[in-house]
Amino acid sequence: MAHKWWQKAVVYQIYPMSFQDSNNDGIGDLPGITQRLDYLHQLGVDVLWLNPIYKSPNQDNGYDIADYRTINPQYGTMADFEELLAATHQRGMKLLMDLVVNHTSDQHAWFQESRKSKDNRYADYYIWRDPVDGHEPNNWRSAFSGPAWTYVPERGQYYLHLFAPGQPDLNWENPEVREAVFNIERFWLDKGVDGFRMDVINLISKPAGLPDVAGTPTAGTTLDFVADGPRLNEFLRQMNDEVLSHYDVMTVGEMPGSTPEDAIKYTGLDSHELNMVFQFQHVNLSPNPDVRLGKWNDQPVKLPELKVALNRWQKALDGKGWNSLYWNNHDQPRAVSRFGNDDPKYRVLAAKMLGTTLHMMQGTPYVYEGEELGMTNAHFTRIDQYEDLESLNIYREMVKQRKLVDGPTMLKYLANMSRDNARTPMQWDAGKNAGFTAGTPWYRLNTNYPEINVDAALKDQTSVFYHYQKLIKLRHQSDLIQYGTFEELDPLDEQVYAYRRHYQGQTLLVMSNFTDQVVQRDSGQQKADELLISNYPDDQGTTLRPYESKVYLFK
Ligand code: GLC
Ligand code: CA
């Protein structure tokens, strides 16, 4: 297969609400992004992905869309969007929209009609079921706590929502729904956007008959049960035939619970559905041993487990599919805090080490806003510092209602895993509100912004920013980094993550020390032709200092 543009690309994810405010209302916006394009261009990224910017009541910060063709006024106007798109293209970058079509907002006109009766034009746009013995139609749980069903007296029925009650699931079995989604895609593609990140796209086809999940379901087991439904392939293929194949675009499908086998099925290099998926195996490591608590835990990830997760995808997709590479996004805690070390003594080293470990793999790397600065978790200690409905609901459910953990313990879990860690405003400078807004920010800032910010990073040649810039440049220049096959080394090593890449007779050796210890490792690096990148000023051969990471080239 001929190589595609997105196989050479590095993507930068922007959380518009928290990126840059331009009109002092405390909320990031589209003109704010436009103002910062030169910064992103300087970093060297090729593609920008915007989290949802459509009209939305923001119960789930835009993942509840009330109108797919209107820009949320808090972000600006359609003219602002068109200006941002043109300015992005002028700089040779591309732009992806977030497409959230497993569900809409309950404020969407389709749902407002659908809920009124069983025989209106939109009656069948959502998944409605009669009560069973006066109860929910099945035992599925919502990803954001509580049952996955809500009763509507007007219809005398329940509707399905795998996420919040304000996020009713669309009925993809209805051909009119599919056509409506395809028209939304055409609307944005005709404006010139370069593709889509598709939200929880592997949930759109539900298991026939909507049977119970075995045992006592949790949010996690419900999603696993629903994922990868019987008609998913068919729906994605139809989308590709009717829409995507008519444009030169990039698509990445968010697929919780997907395996490499699923990914090959949906993104195979010779298949015609999506280009790549976001898998979750590495970010779902170290769950709570009490399954009822799901991901809520405060334990670090063990390095051999991390390698199993990432190496498996590297090996399985080689030559068959294409990986997306990420540590961070708006749903994950900050990588340097979770997988590295955010102690000021090690933060910069660890952030660079993580960047190197990921960016030297095969796939398309994604950088989440602030990751290129080594932004850290927020280390909140009180529940009123949280904002996200997932965190607030889980605290209420586990501490107040079910009393499975005490408050202080749950706060530790939130500090480690909450999505809010990723959503504090971008840190631009050491001034008021980190330069994010001159008004009152919609969400509190991380208190470390006087030290960790763009301004400081750009003035310091040894900053995380310049390390990421170099990683991106290396990828752009090297077929070996883009396409080389992956060879794992020492999977059981608990301290060092090492691997090789091979392409047309050349070899790359990557060695990353994930600990604050000095260790000795010999993977033949002394015979290398070149040290391509490292996070220390000198090379001490077989010695790896705390969080040291080095990449060698063998010609
Ligand atoms: C995806 C999004 C997340 C959202 C959920 C429901 O996982 O990334 O932010 O809450 O879908 O739309
Ligand atoms: Ca604003």
Side-chain angles (χ1 to χ4, degrees), residues 13 15-36 49-54 56-65 71-77 80 84 96-106 108 142-145 148 161-170 196-204 219-220 222-223 226-227 252-258 277-280 283-284 295 324 326 328-333 366 368 387-394 418-423 425-426 433 435-443:
Q13 182 189 350
Y15 198 68
M17 210 178 275
S18 294
F19 193 63
Q20 176 68 65
D21 179 20
S22 72
N23 63 352
N24 305 334
D25 65 355
I27 305 172
D29 48 50
L30 298 176
I33 300 172
T34 306
Q35 287 167 17
R36 295 297 187 176
W49 148 32
L50 305 185
N51 286 100
I53 54 171
Y54 319 91
S56 163
N58 280 336
Q59 272 195 32
D60 186 19
N61 287 7
Y63 283 93
D64 46 331
I65 298 173
I71 301 292
N72 188 333
Q74 76 184 28
Y75 295 129
T77 62
D80 292 328
L84 168 61
L96 305 185
M97 295 292 273
D98 213 312
L99 189 79
V100 189
V101 289
N102 173 69
H103 45 267
T104 69
S105 162
D106 63 352
H108 194 289
S142 151
F144 296 145
S145 301
H161 52 87
L162 292 172
F163 295 89
Q167 295 171 297
D169 281 53
L170 282 165
F196 299 107
R197 175 267 187 187
M198 299 186 189
D199 193 59
V200 290
I201 199 70
N202 64 336
L203 301 179
I204 59 177
T222 300
L223 290 193
V226 175
V252 48
E254 188 201 26
M255 295 203 176
S258 72
V277 308
F278 285 132
Q279 59 88 14
F280 280 68
V283 292
N284 283 350
K295 74 174 181 183
S324 40
Y326 75 96
N328 273 128
N329 60 42
H330 64 293
D331 293 329
Q332 298 298 329
Y366 289 72
Y368 179 69
E387 191 280 336
D388 177 29
L389 84 170
E390 183 193 44
S391 295
L392 297 174
N393 288 355
I394 203 75
S418 171
R419 310 197 294 185
D420 280 330
N421 285 303
R423 299 178 180 188
M426 179 72 175
N433 298 324
F436 164 67
T437 180
T440 307
W442 75 274
Y443 193 37

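What you see below is based on every heavy atom in this structure, not just the backbone, and it leaves out hydrogens, waters and symmetry mates. We count ligands from 1, going down the list as the structure has it; atoms in each ligand are counted the same way.
Within ligand 1, counting atoms from 1 as listed, the ones closer than 4.0 Å to a heavy atom of His103 are 6 (C), 12 (O). Residue Glu254 approaches ligand 1 through these ligand atoms, each under 4.0 Å from one of its heavy atoms: 1 (C), 7 (O), 8 (O), 11 (O).
Of all protein heavy atoms, the one lying nearest to atom 1 (C) of ligand 1 is Asp199 OD1, 2.7 Å. Given atom 9 (O) of ligand 1, the protein heavy atom at minimum distance is Asp331 OD1, 2.7 Å. At the shortest separation from atom 4 (C) of ligand 1 among protein heavy atoms lies Asp60 OD2, 3.3 Å.
For Arg423 and Glu387, the salt-bridge test fails: no basic side-chain N is under 4.0 Å from an acidic carboxylate O. Electrostatic pairing of Glu390 and Lys295 counts as a salt bridge here, judged by a charged N lying under 4.0 Å from a carboxylate O.
Taking backbone and side-chain atoms together, Asn23 has an N/O/S atom less than 3.0 Å away from the Ca ion (ligand 2). Within the 3.0 Å limit, Gly439 places no N, O or S atom next to the Ca ion (ligand 2).
The aromatic ring centroids of Tyr366 and Phe278 lie less than 6.0 Å from each other.
Within Asp21, the N, O or S atom lying nearest to the Ca ion (ligand 2) carries the name OD1. Note on Asp25: its N/O/S atom closest to the Ca ion (ligand 2) is OD1. The Ca ion (ligand 2) is closest to atom OD2 of Asp29 (considering only N, O or S atoms).
The closest side-chain heavy-atom distance from Phe19 to Asp29 is not below 4.5 Å. The shortest side-chain heavy-atom distance between Ser18 and Trp442 falls under the 4.5 Å cut-off.
Gln20 and Phe436 make their closest contact through NE2-O, 3.1 Å (heavy atoms, listed as atom of the first residue, atom of the second, distance). Scanning both residues, Thr104 and His108, for their nearest heavy atoms gives OG1-CB, 3.7 Å.
Contacts with ligand 1 closer than 4.0 Å are made by side-chain heavy atoms of Arg419 only, the backbone lying farther away. Under 4.0 angstrom from ligand 1, there are no non-hydrogen atoms of Phe280.
At least one heavy atom of Arg197 sits less than 4.0 Å from an atom of ligand 1.
Using a distance-only test at 3.5 Å, with no hydrogens or angles considered, no donor-acceptor pair links the side chain of Asn433 to the main chain of Gly435.
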